Engineer: 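Here it is, the structure, as structure tokens.
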Amino acid sequence: ASCSARVDLVGLLRETSWQCTERGPDEFSANLDADSAPPARIRANEHGLLFSVELVRANAAAEVSHQALAEFLLSASSIVRLVRAHTADVDGQRSFGLQVCLPSTPAAQEIDHALAALSIAYRTCAREANVLLDETVARCYLAAHDVPTTHNHEQLKEN
């Protein structure tokens, strides 16, 4: 983003009801209205503004947990307005979180809604996302939702 776009972002964030802190060029953070939530990241890029919050990080080898978390967060994305699930590799681990995308020049009210939606989604999803890090729980979750896993197939063969 250009310098003028950055100035516009600073101005937009000042118009919102959220306390935002500058973290670097075209990057800010905002404390969400959710207990124990990490600050939401706000970043400007060539496509617009991206608001995100991390829920959990899973071990790279925890495939069953990865699958359960993906299934759970995709379901949650369909319920909470504006919010979608996202995942990324961070420091050798898989990060699972939530994000909201807005155009480059949103109204302050849209930014308020984006951060409120992330707060609600975090409060709704954080506890269960953490529980799904347990592979036994993750297998049960997937079985309850009729999602096949390679582990479920192996268990069926053993019985």
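Values below: all heavy atoms of this structure, side chains included; hydrogens, waters and symmetry mates excluded. Only a predicted model underlies this, so the values are computations on that prediction, with no experimental measurement involved. We number each residue from 1, following the sequence as shown.
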Engineer: Indicate yes or no: at least one non-hydrogen side-chain atom of Glu63 is less than 4.5 angstrom from one of Gln67.
Structural biologist: no
Engineer: Would Val90 end up clustered with Val53 when hydrophobic side chains under 4.5 Å apart are linked, directly or stepwise?
Structural biologist: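 As far as the 4.5 Å side-chain criterion goes, Val53 and Val90 are not connected within one cluster.
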Engineer: Keeping to residues at least two apart or across chains, list the ring-ring contact (aromatic ring centres under 6.0 Å, His included) pairs with something in residues 55-79.
Structural biologist: His66-Phe96
Engineer: Do you know which two heavy atoms are closest between Leu69 and Leu133, and how far apart they sit?
Structural biologist: CD1-CD2, 4.0 Å
Engineer: If you count heavy atoms of other groups shown closer than 6.0 angstrom to CD of Gln93, is the number above 12?
Structural biologist: yes
Engineer: Taking Asn59 for its side chain and Ala62 for its backbone only, find out whether a donor-acceptor pair lies under 3.5 Å.
Structural biologist: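 Side chain of Asn59 to backbone of Ala62, a donor-acceptor pair under 3.5 Å: no, none is there.
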Engineer: Could you tell me if the side chain of Phe51 sits less than 4.5 Å from the side chain of Leu82, heavy atoms only?
Structural biologist: no
Engineer: Shortest non-hydrogen contact from Leu55 to Asn130?
Structural biologist: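 For Leu55 and Asn130, the tightest heavy-atom pair comes out as O-ND2, 4.3 Å.
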Engineer: Who passes side chain to side chain contact (heavy atoms under 4.5 Å, CB included) against Cys101, sequence neighbours left out?
Structural biologist: Leu50, Arg84, Gln99
Engineer: I'd like to know if Val147 and Val64 are part of one continuous hydrophobic network [Ile/Leu/Val/Met/Phe/Trp/Tyr, side-chain heavy atoms within less than 4.5 Å].
Structural biologist: yes
Engineer: By side chain to side chain contact (heavy atoms under 4.5 Å, CB included), which residues pair with Asn31, not counting sequence neighbours?
Structural biologist: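 With sequence neighbours excluded, Asn31 shows a side chain to side chain contact (heavy atoms under 4.5 Å, CB included) to Pro39, given in chain and number order.
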Engineer: Taking side chain to side chain contact (heavy atoms under 4.5 Å, CB included) as the definition, give me every residue that meets it alongside Thr21, ordered by chain and number, with sequence neighbours left out.
Structural biologist: Arg23, Ser29
Engineer: Using the test ring-ring contact (aromatic ring centres under 6.0 Å, His included), find all partners of His86 that sit at least two apart in sequence or belong to another chain.
Structural biologist: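 For His86, no residue satisfies ring-ring contact (aromatic ring centres under 6.0 Å, His included) once neighbours in sequence are set aside.
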Engineer: What are the two closest non-hydrogen atoms of Ala40 and Leu32, and how far apart are they?
Structural biologist: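 The answer is CB-CD2, 3.7 Å.
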Engineer: Distance from Leu49 atom CG to His47 atom NE2, nearest 0.5 Å?
Structural biologist: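 These two atoms lie 12.5 Å from each other.
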Engineer: Can you list everything that forms a side chain to side chain donor-acceptor pair (under 3.5 Å) with Ser75? Sequence neighbours excluded, please.
Structural biologist: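 For Ser75 there are no side chain to side chain donor-acceptor pair (under 3.5 Å) partners, ignoring immediate neighbours.
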Engineer: According to side chain to side chain donor-acceptor pair (under 3.5 Å), who are the partners of Arg127, at least two apart in sequence or on a separate chain?
Structural biologist: none
Engineer: Looking at CG of Leu9 and CZ of Arg43, how far apart are the two atoms once the value is rounded to the nearest 0.5 Å?
Structural biologist: 12.5 Å
Engineer: Would you say the side chains of Glu54 and Ser95 form a donor-acceptor pair under 3.5 Å?
Structural biologist: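 Yes - a donor-acceptor pair under 3.5 Å links their side chains.
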Engineer: Could you tell me which residues satisfy side chain to side chain contact (heavy atoms under 4.5 Å, CB included) with Val137, sequence neighbours excluded, listed by chain and number?
Structural biologist: Val131, Leu132, Asp134
Engineer: Looking only at non-hydrogen atoms, find the nearest pair between Leu13 and Cys20 and report the distance.
Structural biologist: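 What the structure gives for the nearest pair is CD2-SG, 3.9 Å.
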Engineer: Using every non-hydrogen atom in the two residues, find where Ala30 and Ile42 come nearest and quote the distance to one decimal.
Structural biologist: CB-CD1, 4.1 Å
Engineer: Quick check: closest heavy atoms across Asp146 and Pro148, and the distance to 0.1 Å?
Structural biologist: O-CD, 3.6 Å
Engineer: Which pairs would a plain distance check flag for residues 114-126, meaning a side-chain donor or acceptor within less than 3.5 Å of a matching protein atom at least two apart in sequence or in another chain?
Structural biologist:
unit_1: Ser119; atom_1: OG; unit_2: Asp33; atom_2: N; d: 3.0
unit_1: Ser119; atom_1: OG; unit_2: Leu115; atom_2: O; d: 3.1
unit_1: Tyr122; atom_1: OH; unit_2: Ser36; atom_2: O; d: 3.3
unit_1: Arg123; atom_1: NH1; unit_2: Asp33; atom_2: O; d: 2.3
unit_1: Thr124; atom_1: OG1; unit_2: Ile120; atom_2: O; d: 2.7

Engineer: Identify, with sequence neighbours excluded, every residue that meets ring-ring contact (aromatic ring centres under 6.0 Å, His included) alongside Tyr141.
Structural biologist: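 Tyr141 satisfies ring-ring contact (aromatic ring centres under 6.0 Å, His included) with His145 once adjacent residues are dropped.
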Engineer: Could you list all the salt bridge (charged side-chain N to carboxylate O under 4.0 Å, His left out) pairs where at least one residue sits in residues 86-114, not counting sequence neighbours?
Structural biologist: Arg57-Asp91, Asp89-Arg94
